[in-house]
Number of protein chains: 2
Amino acid sequence: MDPALKLENQLCFRLYTASRLITQAYHPLLSKIGLTYPQYLVMMVLWENDGQKVNDIAKRLYLETNTVTPLLKRMEAEGFVKRSRGAEDGRQVIVSLTPKGRKLEQEAGCVPYKMGGAVACRSITQETAPGLFATLDDLIGHLSKL
Amino acid sequence: MDPALKLENQLCFRLYTASRLITQAYHPLLSKIGLTYPQYLVMMVLWENDGQKVNDIAKRLYLETNTVTPLLKRMEAEGFVKRSRGAEDGRQVIVSLTPKGRKLEQEAGCVPYKMGGAVACRSITQETAPGLFATLDDLIGHLSKL
DNA sequence: CATCATTATATCGTTCACGATGCAAATATA
DNA sequence: TATATTTGCATCGTGAACGATATAATGATG
């Protein structure tokens, strides 16, 4: 058979699988603090810079607003964020952290460290990680312009 | 703020984003032949080896059967595969290609080549791809044993 | 042989992703 | 200023993922 159609020659399958498995590894840590992985990403965006528009968050995460909107509604229902209409531009929705959402940053602080241990393997070390990051950033930059 | 909680220091976010964007790049090619990306993965498993159990397919793709079962039912409804109870073991379900499913392999042959061009970038070339594959395989092997 | 545990798959509920579409606010144009 | 276009977000429908649970067939144990 055509070797190009073999699973072992697929970059996409590797990325898809690695992404799913690493997200699964996050699950027990994140469920302790009441977040899903995509919600954790939104929180990181807001911890870095509170009070952003839906579109800003979506762009930062390379997602569409139709994915982010329901995500934010669930997070608002959980009391992590507040959504309010923009003052100057009535179309915009500004998302800001609640005190509960701000406080969660401390509880989340241990997550990257615990995950660092889980991810560390022969191929991914302090030395090799930057190169891998650069490769993935290059790929993401390339794909996001297609 | 804690730099470990910054998006730019996250391996998982890069894998998640790269996986989504590359899957999106597959979309126009796959929709032409009537497949979604996960369905394309199942087809690759079956083209390589027809007549496998649900569990074999799930294991090969690092998925759970509760993901694969509905996937296969949709693929059966589309006429790509046939599901039949195992002869010796009545619990097993054997998945085999229909003529339509087998014929699809030829139509899918162009997909990897077209995608190769879309993925090629400074960081991912004929020389660097094997190293990246090995790193991801190592990570996947590591994570799948957690 | 009866009962219990295991295995293989399926069902259910929730949360993403995302294409397509809708809608209202803002802006551009006539 | 009326109309058309664009922009920002939301809604809808479908297809994954996946934890939890169910069901039926097989295998093991008493």
Side-chain angles (χ1 to χ4, degrees), chain A residues 12-13 15-28 30-32 34-42 52-59 61-78 80 83-95 143-144 146, chain B residues 12-13 16-28 30-31 34-42 52-59 61-78 80-81 83-95 144 146:
Chain A
C12 185
F13 173 57
L15 292 171
Y16 161 82
T17 302
S19 169
R20 283 192 311 102
L21 293 180
I22 196 168
T23 302
Q24 282 175 37
Y26 270 95
H27 188 260
L30 292 178
S31 71
K32 273 200 187 73
L35 293 174
T36 65
Y37 184 71
Q39 290 172 6
Y40 174 61
L41 293 179
V42 170
Q52 296 190 58
K53 289 176 282 177
V54 172
N55 220 329
D56 295 336
I57 298 171
K59 282 216 169 71
L61 300 178
Y62 300 89
L63 289 166
E64 301 298 320
T65 62
N66 58 2
T67 298
V68 174
T69 293
L71 197 53
L72 290 170
K73 289 175 89 170
R74 285 186 287 268
M75 294 174 73
E76 186 173 42
E78 295 292 330
F80 295 122
R83 297 183 311 146
S84 50
R85 283 280 159 190
E88 330 111 36
D89 191 332
R91 293 168 302 180
Q92 300 178 346
V93 167
I94 309 297
V95 183
L143 291 169
S144 65
L146 287 188
Chain B
C12 183
F13 173 56
Y16 162 81
T17 303
S19 169
R20 281 193 311 100
L21 293 181
I22 196 168
T23 301
Q24 282 175 38
Y26 270 94
H27 188 261
L30 292 179
S31 71
L35 293 174
T36 64
Y37 185 71
Q39 290 172 6
Y40 175 61
L41 293 179
V42 171
Q52 296 191 59
K53 290 177 282 177
V54 172
N55 219 331
D56 295 335
I57 298 171
K59 282 216 170 70
L61 300 178
Y62 299 89
L63 289 166
E64 300 299 320
T65 63
N66 59 1
T67 298
V68 174
T69 293
L71 197 53
L72 290 171
K73 288 175 90 170
R74 284 186 287 269
M75 292 174 74
E76 186 173 40
E78 295 292 331
F80 295 122
V81 301
R83 298 183 311 145
S84 49
R85 283 282 159 189
E88 328 111 37
D89 191 331
R91 292 167 303 179
Q92 300 177 347
V93 168
I94 309 295
V95 183
S144 65
L146 286 188

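The sequence lines fix the lettering, A, B, ..., with proteins before strands; numbering per chain opens at 1.
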Answer yes or no: does a side-chain N or O of A/Arg74 lie under 4.0 Å from OP1 or OP2 of C/dT15?
-> no
Counting any heavy atom closer than 4.0 Å, what does B/Thr67 reach on the DNA or RNA strands: base, sugar-phosphate only, or nothing?
-> base
Give A/Thr65 one of three labels, base, sugar-phosphate or nothing, depending on what nucleic acid heavy atoms sit under 4.0 Å from its own.
-> base
Phosphate OP1/OP2 of D/dA16 contacted by B/Thr36 side-chain N/O (<4.0 Å) = yes
Short side-chain N/O contact from B/Gln24 to OP1 or OP2 of C/dC18, under 4.0 Å | yes
May I ask you to verify if any side-chain N or O of B/Lys73 is less than 4.0 angstrom from the OP1 or OP2 atom of C/dT9?
-> no
For B/Lys73, which residues count as a side-chain contact (heavy atoms from CB on, under 4.5 Å) partner, sequence neighbours excluded?
-> B/Thr69, B/Arg83
Residue-phosphate contact under 4.0 Å: A/Lys53 side-chain N/O, D/dT7 OP1/OP2 | no
Sugar-phosphate, base or nothing in reach of A/Gln92, heavy atoms under 4.0 Å | sugar-phosphate
In a table with atom names and distances, give each donor-acceptor pair under 3.5 Å that connects a side chain of residues 16-24 of chain A to protein atoms at least two apart or in another chain.
{"from": "A/Thr17", "atom 1": "OG1", "to": "A/Phe13", "atom 2": "O", "distance (Å)": "2.8"}
{"from": "A/Arg20", "atom 1": "NH1", "to": "B/Tyr62", "atom 2": "O", "distance (Å)": "3.2"}
{"from": "A/Arg20", "atom 1": "NH2", "to": "B/Leu61", "atom 2": "O", "distance (Å)": "3.0"}
{"from": "A/Arg20", "atom 1": "NH2", "to": "B/Tyr62", "atom 2": "O", "distance (Å)": "2.8"}
{"from": "A/Thr23", "atom 1": "OG1", "to": "A/Ser19", "atom 2": "O", "distance (Å)": "2.7"}

So, does the side chain of B/Arg91 form a donor-acceptor pair with the base of C/dT9 at under 3.5 Å?
-> no
DNA chain C nearest-nucleotide lookup for B/Arg85 and A/Tyr37: closer to the 5′ end is B/Arg85
What is the nucleic acid contact for B/Tyr16, judged by heavy atoms within less than 4.0 Å: base, sugar-phosphate only, or nothing?
-> sugar-phosphate
Sugar-phosphate, base or nothing in reach of A/Asn66, heavy atoms under 4.0 Å = base
